[in-house]
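Quick note: numbers below take in every heavy atom, side chains included, and nothing from hydrogens, waters or symmetry partners. Whatever order the structure lists them in is the order used to number ligands and atoms, beginning at 1.
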Amino acid sequence: MRSKLNRREFVKAGTAAGLAAAAPVTAFAQGPTMMMQSGSRPVVVASGNGQQYKNGGDKTCVETAFERMTKGEDVLDALIAGVNIIELDPADTSVGYGGLPNAEGVVQLDSSVMHGPTKRAGAVASIEGVRTPSLVAKRVMEETDHHLIVGDDAQRFARSMGFKIEEDLNTERSRRAWLEWKRRTDPLHYLDPKKKQLALRKVDLEMMAEGWVDPNHFYGTVNCNGVNANGDVCGVTTTSGLAWKIPGRVGDSPILGAGLYVDGEVGAAGSTGRGEANLYNLASFLIVEGMRRGLHPKDAGMEALKRIKANTVPRLLNRRGDPSFNVNFYVVNRKGEYAGVTMYSSEKNRVRYAVCDEKGGRLEFADPLLQGDPAD
Ligand code: GLY
């Protein structure tokens with residue numbers, strides 16, 4: 001197990017974190033592997049891509065974050081180092097460099113970060129030209145008295161902070177996918193708005209079925225949340241947002257309470273999937289409030305999914321009268337209890353999420369509110 005601490009590393013980690021009277025949590029046959037103080041069991045949770053991409057390295061997002069966090073690094077810094085791997089990896093077409101562009105072929109990125117122990121937050125929306133928007137969001141948190149900077153001004157802010165600005169964050173793959181989408185949906189062919197809407201939806205489904213777009217990544221995003229042995233809770237969400245979006249469209253990811261919410265006394269929640277459904281319900285905030293009332297992360301997540309389902313407008317219902325989209329939440333409380341919940345999971349497309357704790361990085365099945373596929 002790569003991420004397990006040996007006794008020497010543990011002593012170092014404990015020292016770095018200023019641990020005094022730690023007590024063993026889990027004793028495996030190999031000996032004690034993790035200790036905790038203040039009743040918190042260290043864990044990192046993320047969307048499934050958090051245990052998928054390595055950008056040529058040897059560790060995933062959650063493995064990197066967990067290792068750094070348990071060596072004493074600030075939890076938010078550790079989580080951001082984890083998601084940077086995905087932001088920089090051109091193979092993930094839903095986050096950072098190589099994320100699927102907007103309808104004009106421009107990659108626009110959203111990100112938010114929240115630091116529970118110090119009650120600080122920062123975010124950027126619709127930023128272009130910076131591969132790692134999570135690091136810009138962190139600078140908003142650290143260097144300004146604000147929580148959100150958007151568009152060209154977010155890029156100007158990043159430039160002033162010394163970030164490299166690039167002309168174009170498309171890769172060959174994302175550009176080819178966009179050109180194919182343009183070819184199939186040429187709006188001049190659909191003057192009747194209703195017909196155009198149906199045609200667009202049909203093209204989206206076809207392009208997913210043909211492998212141009214990963215169905216789990218149509219709305220993109222990685223969310224990653226963690227808690228260390230001190231009970232420090234933090235979170236980060238970063239995305240290229242909805243594929244082929246109207247330029248300037250901002251989803252849930254950079255909005256505190258929607259794509260991410262952290263309360264240092266309670267826990268953290270964040271999301272992937274249809275951002276508009278989450279924005280309307282501020283579901284990450286709702287989940288953290290559920291945990292504040294004593295709900296387990298899974299029950300708090302289910303409560304939010306039920307709220308989203310109840311608030312879904314008729315045009316977004318499928319033939320069964322259920323939501324025609326998916327949305328997922330990754331939840332951890334201050335004790336280190338965690339859950340991944342999803343509106344839908346099916347035999348064909350079982351939704352999984354990433355976890356790393358003393359047992360190492362892995363994917364676990366998310367708990368679904370509904371069985372089946374949204375489009376059926
Ligand atoms: N959840 C990501 C988005 O809707 O932009």
Run the numbers for me: atoms of ligand 1, each under 4.0 Å from some heavy atom of Leu242, listed by number. 5 (O)

Looking only at distances, can you tell me whether any N or O atom of Asp252, backbone or side chain, sits closer than 3.5 Å to an N or O atom of ligand 1? yes

Would you call Lys182 and Glu180 a salt bridge, using N to O less than 4.0 angstrom? no

With Arg173 via salt bridge (charged side-chain N to carboxylate O under 4.0 Å, His left out) - residues at least two apart: none

Taking distance alone, with no angle check, do Gly275 and ligand 1 share an N/O pair under 3.5 Å? yes

With atoms numbered from 1 as shown, which atoms in ligand 1 lie under 4.0 angstrom from a non-hydrogen atom of Gly273? 1 (N), 2 (C), 3 (C), 4 (O)

Which ligand 1 atoms are under 4.0 Å away from a heavy-atom of Thr221? 1 (N), 2 (C)

Partner residues of Arg293 under the salt bridge (charged side-chain N to carboxylate O under 4.0 Å, His left out) criterion, sequence neighbours left out: Glu303

Side-chain ion pair, Lys119 and Asp263, N-O less than 4.0 Å: no

Pick out which of Thr272, Asn328, Asn349 makes a side chain to side chain donor-acceptor pair (under 3.5 Å) with Thr342. Asn328

Residue Gly251 vicinity, atoms of ligand 1 by number, heavy atom under 4.0 Å: 5 (O)

Can you find a pair of side-chain heavy atoms, one from Thr60 and one from Gln52, that are under 4.5 Å apart? no

Can you find an N/O atom of Arg249 closer than 3.5 Å to an N/O atom of ligand 1? yes

Atoms of ligand 1 under 4.0 Å from any heavy atom of Ser253, numbered from 1 in the order shown, are 2 (C)

